[in-house]
Protein chains: 2
Amino acid sequence: MSLKYVILGLLRQRPHYGYEIKQQFDHSLGEIWPVSYGQLYPTLRKLSVSGHISMQTVPGKKAIDKNVYTLTDKGKTDFEQWYEKGVKKTQISIKDEFTLFLFFTQDSDMVRLLPAVRKNHDIVSRQEAVFQSRLEALGEGAPFFQRALLKKMIFHLEAERIWLEEIIMMSKRPAPQGVQRG
Amino acid sequence: MSLKYVILGLLRQRPHYGYEIKQQFDHSLGEIWPVSYGQLYPTLRKLSVSGHISMQTVPGKKAIDKNVYTLTDKGKTDFEQWYEKGVKKTQISIKDEFTLFLFFTQDSDMVRLLPAVRKNHDIVSRQEAVFQSRLEALGEGAPFFQRALLKKMIFHLEAERIWLEEIIMMSKRPAPQGVQRG
DNA sequence: CACAACATGTAAGATGTTACATGATTGA
DNA sequence: TCAATCATGTAACATCTTACATGTTGTG
């Protein structure tokens, strides 16, 4: 359960309320790690019960009160132990419907792939451009991780884009490596 | 639920038993889409109950009988509708503990990252080489999707490797873009 | 004799999505 | 007035992992 550490990590900076955690998320890690309220609120509850965070209710801007969560000593220790332990693994997961679709497409059927490939190519290209301009917009003083996260996204989007371009090439001619018999 | 379509798609070729489906998986899609028995068997059961597949028991090589599953008309139709509908999306997910670790690493702390970065770099490089040689080992007659899946893995592993190399570079000098004040 | 391969499965829990429910306030 | 933003949550379901349980056969 790493959502736990995401939350503890955010709360290390300062107390946050739920809605705000989601905002923070969506604007930083969120591109990479989407979180829904349906997951966030129950997790905050659990971390409260386990004593990793404590809750104070303060009036919200509108009607409903905010529940502000503060990191406790226990939470702090837990986070730091997680962080100290280090040796984290990257794992690239390429598990999507398109890949599955591709897996079940026969050579003779390759043309049917093209509309989906083109559509995905558009989406990926546009996303890549967005991240690229965000990277360029970063000042020199921008924190290391911000730059690094954007780069990571850009590199993988680029990989995906180039791959899709290759699929288009491959689907135009039957034998990918040139020379054909006959 | 796409494990459903993975199974239906495999059974289109010929009947399979559970253990065999897992084998097939591990040797093709498996690099990309790991499946555990804990997920596979219950899903086969569900698809039997819903009438997408039917089960016949045949003696196994050793002691326990095999349960061979065959695609029914319903299953076939369902798969084909899924396939016809097309417009599948790629989605790259970059949600791993290392990235989270990075997210919580301060600029001043960057050096602490290096051992993990190097370790991951080794792993990723080695994986990349394995897939590369598998790609080269493919004959010219190899099906389109096999080549494409391997390429996809290779491209993303390469993206990851280059990214890790950049992290190493970035962590050696504070300002990434050259000119420093002072 | 121990261990890998063959072959089935269950149970518990972690993780994540989607839709629903509530209700005030602000701005177009 | 209508949609968006603020702010909380629940419930149902889907997905996936891990550990356990069972038992034979072949191989070193």
Side-chain angles (χ1 to χ4, degrees), chain A residues 1-8 15-27 29-50 52-53 55-69 82 89 91 93-97 99-100, chain B residues 1-8 15-27 29-50 52-53 55-69 82 89 91 93-97 99-100:
Chain A
M1 191 212 221
S2 15
L3 179 56
K4 171 177 165 182
Y5 295 107
V6 177
I7 292 171
L8 297 183
H16 287 81
Y17 53 98
Y19 189 79
E20 190 185 20
I21 289 175
K22 170 101 166 100
Q23 303 301 96
Q24 283 262 321
F25 233 89
D26 292 349
H27 297 133
L29 262 185
E31 321 281 356
I32 282 170
W33 207 312
V35 172
S36 64
Y37 289 119
Q39 207 193 342
L40 180 59
Y41 286 119
T43 305
L44 286 170
R45 170 72 50 97
K46 260 194 282 177
L47 289 174
S48 269
V49 170
S50 66
H52 289 84
I53 61 182
M55 189 187 99
Q56 301 86 40
T57 300
V58 305
K61 280 185 197 157
K62 310 181 183 176
I64 288 182
D65 287 346
K66 300 173 185 177
N67 294 329
V68 175
Y69 297 94
W82 172 81
K89 270 198 297 187
Q91 60 210 37
S93 153
I94 287 177
K95 225 181 104 167
D96 57 42
E97 264 206 307
T99 308
L100 190 56
Chain B
M1 191 215 222
S2 16
L3 179 56
K4 172 178 165 182
Y5 294 108
V6 177
I7 292 172
L8 297 183
H16 286 81
Y17 52 98
Y19 189 80
E20 190 185 19
I21 289 176
K22 170 102 166 96
Q23 301 302 94
Q24 282 262 319
F25 233 90
D26 292 348
H27 296 132
L29 263 184
E31 322 280 356
I32 282 172
W33 206 312
V35 172
S36 65
Y37 288 119
Q39 205 192 344
L40 180 59
Y41 285 120
T43 304
L44 285 170
R45 170 71 51 96
K46 261 195 282 179
L47 289 172
S48 269
V49 170
S50 66
H52 288 84
I53 61 180
M55 188 187 99
Q56 300 86 40
T57 300
V58 305
K61 279 185 197 159
K62 308 182 182 176
I64 289 183
D65 288 346
K66 299 172 186 176
N67 294 330
V68 176
Y69 295 94
W82 172 81
K89 271 198 297 187
Q91 61 210 34
S93 153
I94 286 176
K95 225 180 103 167
D96 59 42
E97 264 205 308
T99 307
L100 189 57

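Here is how names work: the chains are called A, B, and so on, in the same order as the sequence lines, proteins then strands, and each is numbered from 1. Below, all heavy atoms of this structure are taken into account, side chains as well, without hydrogens, waters or symmetry copies.
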> Whole-Å distance between C:dA24 C1' and A:Asp65 CG?
12 Å
> Go nucleotide by nucleotide along DNA chain C from the 5' end; which of A:Ile64 and B:Met55 gets its closest nucleotide reached first?
B:Met55
> Nearest whole angstrom, please: distance from the C1' of C:dA5 to the NZ of B:Lys66.
13 Å
> If you check every side-chain atom of B:Gln23, which of D:dG9, C:dT8, C:dC6 has the closest atom?
C:dC6
> Polar atoms only, N or O, under 3.5 Å: list the protein pairs with nucleotides 16-21 of chain D and their distances.
| from | atom 1 | to | atom 2 | distance (Å) |
| --- | --- | --- | --- | --- |
| D:dC16 | OP1 | A:Lys95 | NZ | 2.5 |
| D:dC16 | OP2 | B:Gln39 | NE2 | 3.1 |

> Mark yes or no for whether A:Lys4, through its side chain, and A:Leu47, through its backbone, hold a donor-acceptor pair below 3.5 Å.
no
> Using a cut-off of less than 4.0 Å, is there contact between a side-chain N or O of A:Arg45 and OP1 or OP2 of D:dT8?
no
> Of A:Pro59 and A:Pro42, whose nearest nucleotide on DNA chain D comes first from the 5' end?
A:Pro59
> Tell me: CD of B:Gln91 to P of C:dG16, nearest whole Å?
14 Å
> Can you tell me the distance, in whole Å, between the CG atom of A:Leu40 and the P atom of C:dT18?
16 Å
> Could you state the atom-to-atom distance from CG of A:Asp96 to P of C:dG16 in whole Å?
17 Å
> From the list D:dT8, C:dG9, C:dT8, which nucleotide is the closest neighbour of the side chain of B:Tyr69?
C:dG9
> Given atom CG of A:Asn67 and atom C1' of D:dC6, what is their separation to the nearest angstrom?
14 Å
> Holding to ring-ring contact (aromatic ring centres under 6.0 Å, His included), I want the full list of residues that pass it with A:Tyr17, two or more places apart in sequence or in another chain.
none
> Which heavy atom of B:Val68 sits nearest to which heavy atom of B:Pro15, and what is that distance?
CG1-CB, 3.6 Å
> Rounded to the nearest angstrom, tell me the gap between atom CD1 in B:Ile21 and atom P in C:dC6.
16 Å
> Sequence neighbours left out, what passes side-chain hydrogen bond (donor to acceptor under 3.5 Å, both in side chains) with B:Tyr5? Give chain and number order.
B:Asp78
> Taking salt bridge (Lys or Arg N to Asp or Glu O under 4.0 Å) as the test, write out the residues that go with A:Asp65, two or more places apart.
none
> I'd like to check the ring-ring contact (aromatic ring centres under 6.0 Å, His included) partners of A:Tyr19; sequence neighbours left out, ordered by chain and number.
none
> Within this structure, what is the OH-to-C1' distance between A:Tyr17 and D:dA7, rounded to whole angstrom?
8 Å
> Going by side-chain hydrogen bond (donor to acceptor under 3.5 Å, both in side chains), name the residues that satisfy it together with A:Ser50, two or more places apart in sequence or in a different chain.
A:His52
